[in-house]
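This report concerns only the one structure given below.
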Number of protein chains: 2
Amino acid sequence: MAQHQTQLDDVFLALADPTRRAVIARLGRNEASVSELAAPFEMALPSFMKHIRVLEDAGLIHTSKHGRVRTCRIDTARLSLIDGWLDEQRRTWEGRTDRLEQFLLGAQHKDGHR
Amino acid sequence: MAQHQTQLDDVFLALADPTRRAVIARLGRNEASVSELAAPFEMALPSFMKHIRVLEDAGLIHTSKHGRVRTCRIDTARLSLIDGWLDEQRRTWEGRTDRLEQFLLGAQHKDGHR
DNA sequence: TTGATACTTAGCGCAATGGCTAAGTGATCG
DNA sequence: CGATCACTTAGCCATTGCGCTAAGTATCAA
């Protein structure tokens, strides 16, 4: 729960960057090495590596090194964290609509409460 | 499309903070004034107002001022931007799975899947 | 008209982000 | 062995994020 909070922080923060979203989109197709992933971008490799690290810290990707090559894989489950949060919000505001309807239907008056 | 990118940047960034997610959750129930929204938090009002501004700039909420009270409302449509992006990713990696299955089924060899 | 209320503006401080270069490490190739 | 490749580490720098206080503005209430 408390952990859940900072997990969402990390996931949302990680996705708040076009480079990192592009990496996620790319890894959706298949796994890839760091340099394959970096190729489309103009930035220096150390800069790019920071993005990889951010994604990994957020749990959105996992990486492993074989020889001198680090291979990156997406963790699709982690993106579902967002689904969960979104669903929670939707339940809230759909509930709100229900109560609003009850209010509008039930109390033909002026003000019902608060 | 180009705009779409920075919109996602702003939305994800806005949600990468527990205070702001709490505000969104709260506004899911009903609209509220700034000071009503700020009440549960310990931070100073100017600090809190920055969060409101970030949410508004991201398009996640809209605000309007009547007298001295600024009222905030959620823009549920904006959260759907995220749904769109998530769906896009899912289509990508589900497509990947299909191709992987095709490969695995086409070439009956060693392992079935996973 | 005076005072309280509800922001609002301005500006400070510190930590984190996102870019860079330079130099290092450990494979792999010729 | 020596060169090359694929990162990796270290450190610098500018900008941004998120908190604060102090002071200002505009309502509204009495």
Side-chain angles (χ1 to χ4, degrees), chain A residues 2 5-27 30-74 111 114, chain B residues 2 5-27 30-74:
Chain A
Q5 274 286 48
T6 71
Q7 280 183 6
L8 276 177
D9 284 2
D10 291 347
V11 167
F12 278 126
L13 191 66
L15 295 176
D17 179 288
T19 300
R20 291 191 294 257
R21 285 199 306 278
V23 168
I24 291 294
R26 168 68 180 74
L27 288 177
N30 44 48
E31 60 179 45
S33 70
V34 169
S35 34
E36 280 168 352
L37 290 173
F41 302 98
E42 288 190 357
M43 71 183 69
L45 195 62
S47 310
F48 183 78
M49 280 296 298
K50 286 193 186 177
H51 289 297
I52 296 294
R53 182 67 58 89
V54 170
L55 288 169
E56 191 170 16
D57 288 349
L60 289 166
I61 70 173
H62 297 298
T63 77
S64 60
K65 198 162 184 178
H66 296 85
R68 54 187 172 174
V69 176
R70 180 170 297 277
T71 301
C72 307
R73 262 164 267 86
I74 198 173
D111 193 1
R114 290 254 88 242
Chain B
Q5 275 287 48
T6 71
Q7 281 183 5
L8 276 176
D9 285 1
D10 292 347
V11 167
F12 278 125
L13 190 67
L15 296 177
D17 180 287
T19 300
R20 291 192 293 257
R21 284 198 307 278
V23 168
I24 290 294
R26 168 68 179 73
L27 288 177
N30 45 48
E31 61 179 43
S33 70
V34 168
S35 33
E36 281 168 353
L37 291 173
F41 302 98
E42 289 190 357
M43 71 183 70
L45 195 61
S47 311
F48 183 78
M49 279 297 297
K50 287 192 186 180
H51 290 298
I52 296 294
R53 182 67 57 89
V54 170
L55 287 169
E56 191 171 16
D57 289 349
L60 288 167
I61 69 172
H62 297 297
T63 78
S64 59
K65 198 163 183 178
H66 295 85
R68 52 186 171 169
V69 176
R70 180 170 297 277
T71 301
C72 306
R73 262 164 266 88
I74 198 174

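What you see is a predicted model; the values in this text were computed from it and never measured. Excluded from the calculations below are hydrogen atoms, water molecules and symmetry mates; all remaining heavy atoms, backbone and side chain alike, are included. Chain naming here is simple, since letters A, B, ... match the order of the sequence lines and numbering starts at 1 in each.
The separation between B/R20 atom CZ and D/dT16 atom C1' is 12 Å, rounded to whole Å. Distance, B/M49 CE to C/dA6 C1': 10 Å, rounded to whole Å. Separating the CE atom of B/M43 from the C1' atom of C/dC14 is a distance of 16 Å, rounded to the nearest angstrom. Atom CD in B/E36 sits about 15 Å away from atom P in C/dT5, given to the nearest Å. The CG-C1' distance, from B/D9 to C/dG18, rounds to 13 Å in whole Å. What separates NE2 of A/H66 from C1' of D/dC5 is a distance of 18 Å, to the nearest Å. Between the CZ atom of B/F12 and the C1' atom of D/dG17 there is a distance of 19 Å, rounded to whole Å. If you measure from atom CZ of B/F48 to atom P of D/dG17, you get 18 Å, rounded to the nearest angstrom.
Note on B/K65: a side-chain N or O is less than 4.0 Å away from OP1 or OP2 of C/dT8. For A/H51, no side-chain nitrogen or oxygen approaches OP1 or OP2 of C/dT17 to under 4.0 Å. Dashed line: the shortest gap from a side-chain N or O of A/R68 to OP1 or OP2 of D/dT8 is not under 4.0 Å.
Rounding to the nearest 0.5 angstrom, the gap separating the CD1 atom in A/I61 from the CZ atom in A/R20 is 11.0 Å.
Each of D/dG17, C/dC7, D/dC7 was ranked by its minimum atom distance to the side chain of B/R70; first place goes to C/dC7. For A/V69, the listed nucleotide lying nearest its side chain is D/dA6; candidates were D/dT9, D/dA6, D/dG17.
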**Message:** Would A/D9 and B/D17 count as a side-chain contact (heavy atoms from CB on, under 4.5 Å) here? Give the steps.
**Reply:** CA-CA 6 Å; A/D9 284 2; B/D17 180 287; 5.5 Å; no
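Among residues two or more places apart in sequence or in another chain, the side-chain contact (heavy atoms from CB on, under 4.5 Å) test is passed with B/D10 by B/A58.
Donor-acceptor pairing under 3.5 Å, judged by distance alone, is present between the side chain of B/K50 and the base of D/dG19.
For CZ of A/R73, the number of neighbouring non-hydrogen atoms (other residues, nucleotides, ligands) closer than 6.0 Å is greater than 12.
Within 4.0 Å (heavy atoms only), B/S47 reaches at least one base atom of the nucleic acid.
Between B/S35 and A/G67, the residue whose closest nucleotide on DNA chain C is further toward the 5' end is B/S35. Along DNA chain C, the nucleotide closest to B/L45 and the one closest to A/A44 are compared, and the more 5′ of them pairs with B/L45.
A side-chain donor-acceptor contact under 3.5 Å links B/R21 to the backbone of B/L15.
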